[in-house]
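So you know, we letter chains A, B, ... as the sequences are listed, proteins then strands, and number each from 1.
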Amino acid sequence: MRQPRTPRPDLEPDADLEREEMEAMQREIAAAAIFEDDHDVAVGSLSNPLEAASSDRDRPEPPLVAGVDQSFLLESERALSAVVVMQAGEVVERVHAVTPLEIPYIPGLLAFREGGPILAALEGLSTEPDLFLFDGSGRIHFRQAGIATHIGVVLDVPSVGIAKSLLCGEPRGDVDDLPAGTTVPIDANSRVDAPAGTVLGYAVQTRQYDSPDRAINPLYVSPGHRVGPETAADGALELATTYKLPEPIRLADAYADEAKRTLEE
DNA sequence: GCGACAG
DNA sequence: ATCTTGTCGC
């Protein structure tokens, strides 16, 4: 259904670039990005378990979904990138890589700090995920080139950004105490390099408490590459089966911490 | 100058 | 992100 992939190694995040060059590269990334559905992932059954039915041959292989997250060994100035690949709700592969950290965290330039470590970890995959979830923004970014978009374009793979807080853009409505399953559009504002009216992504409430005492904040989900905003939001809701975070990301987060502790001991 | 700012 | 124990509540 899809055309062969066209990776863009020329747009790999380079921590040695000047700030202006990084921003220029992000504009190129945004121009190359596709913020609409262009993949073969059947969103709608991402977490469904395979049934022990009779005709396995009639049913297409459930899509492989990768969750990617990082932890840091600040003492040794290193980043640990962890990847967990799931299929039909089951973990099918886990890989991680440890690389030196080259630059500090700068809002808007996250991909230049964590992109190298991520690409190093993804090199170790033996499976070929159909969709990648990254911890951070995609199109919800000053230049529409968050880390999910950057990595997605470089590898030319479908990707989605899952952030716990909002970098920029304006929620179309109140995002407090939203009921589970609710989404609120995030519109582009003056701080974003996008036409007014552009829907950058969605605030997505995957879980919520029953009692009005405490409240869970929504996730901020946006297209990385080759995925539309609605599909990104629906996928996040579908993959968050038990916790606030979509399962692949949650498990990558836990794995990144676990592998880090192993190195510290 | 002031404010805003993923992980 | 990371530094960190206990503690409130289902």
Whether A:Arg143 and A:Asp193 form a salt bridge (side-chain N of Lys/Arg under 4.0 Å from carboxylate O of Asp/Glu) is what I want to check.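 Judged by the 4.0 Å cut-off on N to carboxylate O distance, A:Asp193 and A:Arg143 do not form a salt bridge.
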[N], OP1 or OP2 - any side-chain N/O from [X] closer than 4.0 Å?
X	N	answer
A:Ser165	B:dG7	yes
A:Tyr220	B:dA6	no
A:Lys260	C:dA1	no

Per-residue pairing states of DNA chain B in dot-bracket (Watson-Crick or G-U under 3.5 Å; . unpaired, | other strand) read .......
- Near DNA chain B, which residues from residues 15-24 of chain A have a heavy atom under 4.0 Å away?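 Contacting residues: none.
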Among B:dA6, C:dT2, B:dA4, which nucleotide has an atom closest to any side-chain atom of A:Phe72?
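Of the options given, the side chain of A:Phe72 lies nearest C:dT2.
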ask   = Do you know which two heavy atoms are closest between A:Asp156 and A:His225, and how far apart they sit?
value =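 That closest heavy-atom pairing would be OD1-NE2, 3.0 Å.
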message = Which heavy atom of A:Pro223 sits nearest to which heavy atom of A:Val227, and what is that distance?
response =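 In terms of heavy atoms, the two residues are closest at CB-O, 3.0 Å.
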| Distance under 6.0 Å and angle within 45° of the ring axis: does A:Arg113 meet both against A:Phe72? |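 Relative to the ring axis of A:Phe72, which defines the angle, A:Arg113 lies inside both limits.
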Q. Has A:Glu75 got more than 12 heavy atoms of other residues, nucleotides or ligands less than 6.0 Å from its CD?
A.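 Not buried by this count: 12 neighbours or fewer within 6.0 Å.
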### Positions of residues 246-255 of chain A (non-hydrogen atom under 4.0 Å from DNA chain C), listed by number
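Heavy-atom cutoff 4.0 Å gives no residues at all.
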Side chains of A:Glu61 and A:Gln87: is there a donor and an acceptor less than 3.5 Å apart?
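The criterion, which ignores hydrogens and geometry beyond distance, is satisfied for A:Gln87 and A:Glu61.
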**OP:** Answer with yes or no whether the side chains of A:Tyr202 and A:Glu230 bring together a donor and an acceptor at under 3.5 Å.
**Re:**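 Yes, A:Tyr202 and A:Glu230 have a side-chain donor paired with an acceptor closer than 3.5 Å.
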